[in-house]
Amino acid sequence: AGSFFVLGELFTSLPLAEDKKQIETTLSHCGSCCACIHVCPTHAIRKTPTGHYDVDARLCISYLTIELDGKIPVELRPKIGNRIFGCDDCQLICPWNGFAKTASIPDFDPRHRLDDISLLEIWQWDEATFLAKTEGSPIRRTGYQSFKRNIAIGLGNAPYSAEIVSQLQEAKALHDEIVNVHIEWAIQQQLQHI
């Protein structure tokens with residue numbers, strides 16, 4: 001079935017029989033495949049000397065753009081590209097996911113054209129628009145300021161555009177210090193592309 005799963009928990013006070021433990025190494029499923037290691041933009045995935053795989057969350061774009069509150073390290077910003085909520089390159093390249101089936105649950109379908117929208121268009125969202133367009137979506141978990149931080153990085157990584165630079169400069173008065181650090185970085189990146 002691949003590895004695209006939504007994980008959840010069920011809390012209960014009912015006594016349940018313990019599951020039989022299964023000890024398997026990742027290596028037994030992966031064979032000699034290292035596609036995920038090679039495709040990871042930040043080299044967050046590595047194979048250990050024992051043959052297992054480790055993911056360094058501090059380097060993972062999904063962690064950086066979704067979970068991290070605060071500044072994204074400068075050296076990782078160019079590697080983020082235009083990703084503003086997660087990455088999943090490792091999932092997309094995994095041969096096991098070739099067997100996965102697309103979810104038939106409408107909750108997993110893109111909403112509000114979020115799969116066909118420009119970074120500059122969503123850069124212009126105010127907090128009320130962000131809340132309305134992300135209602136019921138995990139994107140809302142990032143919070144408005146972190147969402148804007150991520151978009152600033154994406155705009156900084158985009159090809160040069162005077163409009164992008166103008167929009168970034170105009171937005172500085174609207175955001176907190178963390179977003180502004182990323183806006184300044186994005187402006188400098190844009191100006192380097194001239």
Side-chain angles (χ1 to χ4, degrees), residues 1-12 14-111 113-117 119 122 134 136-143 146-147 149-151 153-159 182 189:
S3 58
F4 278 112
F5 285 95
V6 175
L7 301 177
E9 282 182 87
L10 179 64
F11 292 92
T12 180
L14 296 173
L16 299 172
E18 187 175 329
D19 290 340
K20 185 178 179 183
K21 290 184 181 180
Q22 291 185 356
I23 301 174
E24 294 185 40
T25 65
T26 305
L27 193 58
S28 66
H29 287 24
C30 299
S32 62
C33 181
C34 294
C36 59
I37 292 173
H38 299 302
V39 79
C40 181
T42 60
H43 306 292
I45 306 170
R46 66 172 197 246
K47 195 173 193 177
T48 67
T50 61
H52 292 88
Y53 293 92
D54 280 343
V55 176
D56 185 341
R58 298 167 300 173
L59 300 176
C60 178
I61 292 173
S62 290
Y63 168 75
L64 294 168
T65 60
I66 300 170
E67 305 299 336
L68 179 69
D69 288 329
K71 298 174 189 170
I72 292 176
V74 174
E75 66 275 10
L76 296 176
R77 294 174 195 172
K79 296 175 181 184
I80 290 173
N82 65 357
R83 298 171 187 88
I84 61 170
F85 187 81
C87 174
D88 288 343
D89 283 2
C90 58
Q91 300 276 41
L92 295 169
I93 202 164
C94 179
W96 286 103
N97 286 326
F99 302 107
K101 293 186 171 81
T102 303
S104 59
I105 302 168
D107 277 350
F108 292 110
D109 294 341
R111 300 176 195 171
R113 287 188 36 247
L114 290 179
D115 61 332
D116 183 32
I117 192 168
L119 288 178
I122 54 178
T134 61
S137 165
I139 295 171
R140 186 181 278 192
R141 259 186 36 221
T142 62
S146 291
F147 187 66
R149 171 201 67 191
N150 298 343
I151 298 168
I153 290 172
L155 291 171
N157 288 326
H182 294 81
Q189 290 293 109

Across all chains, not counting sequence neighbours, the side chain to side chain donor-acceptor pair (under 3.5 Å) partners of Asp88 are none
Interatomic distance, CG@Asp56 vs OG1@Thr42, rounded to 0.5 Å, equals 8.5 Å
Reported NE2-to-CD1 distance for the pair His182 and Ile151, which is rounded to 0.5 angstrom: 13.0 Å
I'd like to check the side-chain contact (heavy atoms from CB on, under 4.5 Å) partners of Thr102; sequence neighbours left out, ordered by chain and number. none
According to salt bridge (Lys or Arg N to Asp or Glu O under 4.0 Å), who are the partners of Arg140, at least two apart in sequence or on a separate chain? none
Mind checking what makes side-chain contact (heavy atoms from CB on, under 4.5 Å) contact with Cys34, not counting sequence neighbours? Ile37, His38, Lys47, Tyr53
Non-hydrogen atoms of Leu114 and Ile117 that approach each other most closely: O-CG2, 3.8 Å
Is the shortest heavy-atom distance from the side chain of Thr142 to the side chain of Ile84 under 4.5 Å? no
From Thr65 OG1 over to Ile72 CD1, what is the distance, rounded to the nearest 0.5 angstrom? 6.5 Å
All pairs passing salt bridge (Lys or Arg N to Asp or Glu O under 4.0 Å) where residues 31-42 contributes a residue, at least two apart: none
Partners passing side-chain contact (heavy atoms from CB on, under 4.5 Å) against Ser104 (at least two apart in sequence or in another chain): none
Residues in side-chain contact (heavy atoms from CB on, under 4.5 Å) with Pro73, at least two apart? Leu64, Glu75, Leu76
Which heavy-atom pair separates Ile45 from Cys90 by the least distance, and what is that distance? CD1-CB, 3.6 Å
All side chain to side chain donor-acceptor pair (under 3.5 Å) counterparts of Arg111, not counting sequence neighbours: none
Cys60 to Val55 - nearest heavy-atom pair and separation: CB-CG1, 4.5 Å
Please find the pair of heavy atoms, one from Cys40 and one from Ala44, that lie closest to each other, and give the distance. SG-N, 3.2 Å
Could you check if a side-chain atom of Phe147 sits within less than 4.5 angstrom of a side-chain atom of Ile139, using non-hydrogen atoms only? yes
Could you give all pairs that pass the salt bridge (Lys or Arg N to Asp or Glu O under 4.0 Å) test and reach residues 76-87, with sequence neighbours left out? Arg83-Asp89
Are the side chain of Asn82 and the backbone of Asn157 linked by a donor-acceptor contact shorter than 3.5 Å? no
If every non-hydrogen atom of Cys87 is compared with every non-hydrogen atom of Ser62, which pair is closest and at what distance? N-OG, 3.2 Å
Within the distance-only criterion (no hydrogens, no angle test), does the side chain of Arg149 pair as donor or acceptor with the backbone N or O of Gly70 below 3.5 angstrom? yes
Not counting sequence neighbours, which residues clear side chain to side chain donor-acceptor pair (under 3.5 Å) with Asp54? List them please. Arg46
Shortest non-hydrogen pair, Asn97 vs Gln91, comes out as ND2-O, 2.6 Å
